[in-house]
Amino acid sequence: MPFPFEKFVLYQKSIIWMREAQTICRLAKHRMPHNLVDQLFRASASIPLNVAEGCGKWMEKDRRNFYRMARGSVFECVPILQIFTTSHIISKAQYEKSYALLEEIGKMLTAIIKKTESIPDR
């Protein structure tokens, strides 16, 4: 039986992004400072981790907090992608594909955060 978060499209898309980010990190590994590559790796992994952990919380306030952290990680990934693009680590096409996926994940997180704001804590 799958965990409830595994059924969420948001979670599934965040896993797709994490895999994409891992590919980008491999490309950047020897061409960019380690801390920046590591930051992208950690921020991309933080998204599905926080979505999953949020789904496991009973209180809406707690769920919302984890979804907000995931959204912050989405916002963290974008400037790193921009740095990698301007440094010619990834192509414009790769940037646009990644940006579109992050934008979609960000919108989904914003929607779920707003939804949990309207639900009183139990």
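Side chains are part of it too, since the values below use all heavy atoms of this structure and drop only hydrogens, waters and symmetry mates.
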*Check the pair Thr23, Arg26 against side chain to side chain contact (heavy atoms under 4.5 Å, CB included), reporting the backbone distance first and the verdict last.*
CA-CA 5 Å; Thr23 299; Arg26 280 193 293 277; 3.4 Å; yes
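- Hydrophobic clustering, with ILVMFWY side chains joined whenever heavy atoms are under 4.5 angstrom apart, groups Ile112 together with Ile47.
- Within the 4.5 Å cutoff, the side chain of Ser46 has no heavy atoms near those of the Met69 side chain.
- One finds the CD atom of Glu96 at 11.5 Å from the CD atom of Glu103 (value rounded to the nearest 0.5 Å).
- Interatomic distance, Ser14 OG to Ile105 CD1, rounded to the nearest 0.5 Å: 6.0 Å.
- Looking at every heavy atom in both residues, Arg31 comes nearest to Ile89 through CB-CD1, 3.5 Å.
- Between the CD atom of Gln12 and the NZ atom of Lys7 there is a distance of 11.0 Å, given to the nearest 0.5 Å.
- Under the 4.5 Å side-chain contact rule for hydrophobic residues, Ile83 and Ile90 share a cluster.
- Nearest approach of Met18 to Ala45, heavy atoms of both residues: SD-CA, 3.8 Å.
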*So Lys107 and Glu104, side chain to side chain contact (heavy atoms under 4.5 Å, CB included) or not? Walk me through it.*
CA-CA 5 Å; Lys107 287 178 180 178; Glu104 185 177 8; 5.9 Å; no
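- With rounding to the nearest 0.5 Å, the separation of OG in Ser91 from CG in Leu27 is 9.5 Å.
- The structure places CG of Asn35 at 12.0 Å from CG of Leu40, a figure rounded to the nearest 0.5 Å.
- A 4.5 Å side-chain heavy-atom check between Ile16 and Glu20 finds every atom pair outside the cut-off.
- Taking both residues in full, the closest heavy atoms of Ala43 and Ser73 are given as O-CB, 3.4 Å, listed atom of the first, atom of the second, then distance.
- Checking Tyr11, Tyr67, Phe66, Phe3 one by one against Cys55, the side-chain contact (heavy atoms from CB on, under 4.5 Å) holds for a single residue, Tyr67.
- Linking ILVMFWY residues whenever their side-chain heavy atoms come closer than 4.5 Å, directly or via other members, leaves Met32 and Phe41 in distinct clusters.
- Nearest heavy atom pair, residue Arg63 against residue Lys57, reads NE-O, 2.8 Å.
- Atom OG1 of residue Thr86 and atom CG of residue Leu81 lie 10.5 Å apart, to the nearest 0.5 angstrom.
- At a threshold of 4.5 Å between side-chain heavy atoms, the hydrophobic network of Ile, Leu, Val, Met, Phe, Trp and Tyr places Trp17 and Ile15 in one connected group.
- Leu49 and Leu102 fall into different hydrophobic clusters, defined by Ile, Leu, Val, Met, Phe, Trp and Tyr side-chain heavy atoms under 4.5 Å apart, directly or through other members.
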*Verdict with reasoning, Val37 to Phe84, per side chain to side chain contact (heavy atoms under 4.5 Å, CB included)*: CA-CA 9 Å; Val37 175; Phe84 286 2; 4.2 Å; yes
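- More than 12 heavy atoms of other shown residues, nucleotides or ligands fall within 6.0 angstrom of atom CZ in Arg42.
- In terms of modelled atom types and a separation under 3.5 Å, the side chain of Asp38 and the main chain of His34 share no donor-acceptor contact.
- Arg71 places no side-chain N or O within donor-acceptor distance of the main-chain N or O of Leu109, the cut-off being under 3.5 Å.
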